[in-house]
Amino acid sequence: MSQWDRFAETFFNGAVMARYLPDIVAGFFVTVWLAVLVFLAGLALGLALALVRSLRVRPLNALIVLYVDLFRALPPLVIIVLLYFAMPNAGWSPSGFVATWLALTLVLSAFAEEIFWAGILAVPKGQWEAARSTGLGFAATLGWVVLPQAVRVTIPPLTNRTIAITKGTALGSVVAVSEILASAQTAVSFSFNPSPLMLGAAAYIVLFFPVVLFGRWVETRFAWKR
Amino acid sequence: MTREPPVLSIRGLRKSFGAVEVLRGIDLDVQPRELVFVIGPSGSGKSTLLRCCNRLEEPSNGSIHFDGTDILSPRTDINAVRRRIGMVFQNFNLYPHMTAAGNVMLALRQVLKKDRREAEAIAGEALARVGLADKRGAYPNELSGGQQQRVAIARALALEPKAVLFDEPTSALDPELVGSVLQVMRDLRQAGMTMVVVSHEMGFARAAADRVVFMDQGEIVEQGPPDTVFGAPRHARTRAFVEQIVRH
Ligand SMILES: Nc1ncnc2c1ncn2[C@@H]1O[C@H](COP(=O)(O)OP(=O)(O)OP(=O)(O)O)[C@@H](O)[C@H]1O
Ligand SMILES: [Mg+2]
């Protein structure tokens, strides 16, 4: 047996792969579902916080800044573990899925708030003034004039951040969420062969590569000259 | 002949930014169809004065009545007043993500609640009025500075304001583009629009202004017909300023 054959036998073992493929596929859909939920809730919450911040109510803004700094400082894994293992003591026992989803949502919303807020600030004051001078109110100005411009500048950093944080779904493996990584690890321990990990890596590429490409496309699509 | 009430009536207007008093007691009446031209050195408070008139800047003291409405009263719906006072900015401030027509239509749709067809018709007329009927689908970055400023004027005119405030409308333009904007303003005046114009375009002032107001350090130093203020100013400060802009 050549060295290459041994390598292939170890890491790309067809029989093992075929056997555990259904588990990995199931994990794939758990990851997709989790990532989509984190993406939707995280961006929605981040945007909502940025909108509240644009009202510029001092005490409210201080709270938002505290929230944002806290969740940007804490490692997501720490938040997941806290929610999963500590919350039951406070009378709430989230499943691993819910704990992972909530932790990543909080982290994404914190980063997204900062990005949206920076985008809102980047819109020149003259845009507000032009709109207000025609009789538009605060909300209409924000919605029709400021946000559409703010969102454009936020798309590249938001895409990067969203990809980075949704990849954190793999952390769910620590709290028994059978997403891609957990499924692969389980398969490895049953088969004594690392091939399922290769399948897992492939699954991540299948999932995130299009997302990265989409991010690039959106970036060029929304770039415009001043 | 009975005198009409002024469109804009400013009394004892003061504005401070922190400890700095930028407007120090301004009294000014603007009559219907009058074109008042405001000049003065940089930092004299011209922009602040205009911006107080639609409360983009909150006055510290004094009173401002527009078309009979006390605009500083807490009971006044400021958005309702603002749509009757057009404002044109030095940097145009067009919405870059909307076409020329979109820029003009936004307030028609959102403030006056016109339906799409009506708003499009009004926008078309307003753009035609500033000579840009063929540019309705163009985005601001596809227009020259002069064209952008004319779209901004159309945006103000579409709401059928009682008066239009211009803050250095041609200062950001290349010299060869100034003429087209001034021509639109001349047409406006011809049509009887009440206008307050902050500008250094003396030729335009001489040709079109009813009255020139010279401001310095937050006060109105002198005012009168263009020929008097430019030709025979009474105050030394006015004379110094006028000489300086003539030389440029
Ligand atoms: N938002 C602000 N905060 C603090 N100071 C301000 C603010 N806006 C204007 N000022 C100050 O008020 C003074 C008058 O400003 P204003 O813009 O009204 O002058 P201006 O006559 O329009 O000058 P210019 O010809 O340069 O446009 C200036 O000293 C300026 O620095
Ligand atoms: Mg100014």
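Proteins get letters first, then strands, A, B, ... in listed order; numbering begins at 1 in each.
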Name the region of Leu112(B), side chain, backbone, both or neither, that has any atom closer than 4.5 Å to a heavy atom of chain A. neither

Under a 4.5 Å heavy-atom criterion, the part of residues 130-140 of chain A in contact with chain B comprises Ala130(A), Ala131(A), Arg132(A), Ser133(A), Thr134(A), Gly135(A), Leu136(A), Gly137(A)

Assert top hit (heavy-atom pairs under 4.5 Å, partner chain A, pool Val111(B), Asn103(B), Val81(B)) equals Val111(B)

With a cut-off of 6.0 Å (strictly less than), are more than 12 heavy atoms of other residues, nucleotides or ligands near CZ of Phe17(B)? yes

If I measure from the heavy atoms of chain A, does Asn54(B) come under 4.5 Å with its side chain, its backbone, both, or neither? side chain

Which atoms of Tyr95(B) approach chain A - backbone, side chain, both or neither, heavy atom under 4.5 Å: both

Does CZ belonging to Arg216(A) count more than 12 external heavy atoms closer than 6.0 Å? no

What is the minimum heavy-atom distance between Leu56(B) and Glu129(A), and which atoms define it? CD1-CB, 3.9 Å

Residues two or more places apart in sequence or in another chain: which of them pass salt bridge (charged side-chain N to carboxylate O under 4.0 Å, His left out) with Glu58(B)? Arg55(B)

Let's test your reading of the structure: which of Val88(B), Ile85(B), Asn79(B), Asp77(B) forms the most heavy-atom pairs below 4.5 Å with chain A? Asn79(B)

Taking everything shown except Phe39(A) itself, do over 12 heavy atoms lie less than 6.0 Å from its CZ? no

Mind jotting down which residue pairs meet the salt bridge (Lys or Arg N to Asp or Glu O under 4.0 Å) criterion with at least one end in residues 60-78 of chain A? Sequence neighbours excluded, please. Asp69(A)-Arg72(A)

Would you indicate whether the side-chain heavy atoms of Pro148(A) and Met98(B) approach each other to under 4.5 Å? no

Residue pairs meeting salt bridge (Lys or Arg N to Asp or Glu O under 4.0 Å), one or both in residues 80-98 of chain B, sequence neighbours left out, come to Asp67(B)-Arg84(B)

Options Arg155(B), Glu142(B), Met87(B), Gln110(B), ranked by heavy-atom pairs under 4.5 Å with chain A, top entry: Gln110(B)

